[in-house]
**Student:** 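One structure is given below, represented as structure tokens, and several questions about it will come after.
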Amino acid sequence: NAEYHLAFFSTWTDPEDNDRNVRWSRNAWQEMKKFSTGATYLNFPGFGEEKEDLVRSSYGPNYERLTRLKAEYDPDNLFRVNQNIKPATSRYVGI
């Protein structure tokens with residue numbers, strides 16, 4: 001239901017600028033969250049530092065249902081690349 005998609009593509013060439021530019025990117029993203037629905041488009045996940053929390057928050061109330069579907073159709077977690085939804089099953093062994 002969001003009307004816009006916002007992505008930050010922060011790039012630079014001098015490694016000396018790493019800390020300053022990463023800090024700017026994180027601060028800018030934090031400032032824009034007040035205009036956000038809270039969802040994330042997982043093709044642009046940023047640094048992915050949030051790990052499973054990123055995936056959970058992106059799918060919101062559908063996440064638990066998706067883990068059950070994953071357990072039914074992919075119980076061994078074969079399709080686990082990128083932002084993974086772990087199957088809701090004891091068969092998952094943390095591949």
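Residues: numbered from 1 along the sequence shown.
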**Student:** Under 3.5 Å, side chain of Asp14 to main-chain N/O of Glu16, donor-acceptor pair present?
**Tutor:** yes
**Student:** Please report the interatomic distance CG(Asp74) to CG(Asp76), rounded to the nearest 0.5 Å.
**Tutor:** 7.0 Å
**Student:** So among Lys86, Arg56, Lys70, which one has a salt bridge (Lys or Arg N to Asp or Glu O under 4.0 Å) with Glu64?
**Tutor:**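 Going through the options one by one, the only one that passes is Arg56.
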**Student:** Could you please spell out the steps behind the side chain to side chain contact (heavy atoms under 4.5 Å, CB included) verdict for Trp12 and Asn18?
**Tutor:** CA-CA 8 Å; Trp12 56 94; Asn18 287 358; 2.6 Å; yes
**Student:** With distance as the sole test, does Asp17 use its side chain to make a donor-acceptor pair with the main-chain N or O of Asn21 at under 3.5 Å?
**Tutor:**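 Between the backbone of Asn21 and the side chain of Asp17 there is no qualifying donor-acceptor contact (under 3.5 Å).
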**Student:** With rounding to the nearest 0.5 Å, note down the distance linking CD1 in Ile85 to OG1 in Thr67.
**Tutor:** 8.0 Å
**Student:** Just wondering, more than 12 heavy atoms not from Tyr63 lying within 6.0 Å of its OH?
**Tutor:** yes
**Student:** Are the side chain of Asn77 and the backbone N or O of Arg80 linked by a donor-acceptor pair below 3.5 Å?
**Tutor:**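 Not at all, since once roles are kept as given, no pair shorter than 3.5 Å links the two residues.
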**Student:** Heavy atoms, side chains only, cut-off 4.5 Å: are Val55 and Asn84 in contact?
**Tutor:**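 They are not in side-chain contact.
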**Student:** Looking at CG of Asp19 and CH2 of Trp24, how far apart are the two atoms once the value is rounded to the nearest 0.5 Å?
**Tutor:** 16.0 Å
**Student:** Return the CD to OG distance between Gln30 and Ser25, rounded to the nearest 0.5 Å.
**Tutor:**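 Spacing of CD (Gln30) from OG (Ser25) equals 13.0 Å.
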**Student:** Might you point out which heavy atoms bring Pro75 and Pro87 nearest each other, and give the distance in Å?
**Tutor:**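 What the structure gives for the nearest pair is O-CG, 3.7 Å.
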**Student:** Check whether Leu6 and Phe35 end up in the same hydrophobic cluster, where Ile, Leu, Val, Met, Phe, Trp and Tyr are linked by side-chain heavy atoms less than 4.5 Å apart.
**Tutor:** yes
**Student:** Just how far is it from atom OG of Ser36 to atom CH2 of Trp29, taken to the nearest 0.5 Å?
**Tutor:** 6.0 Å
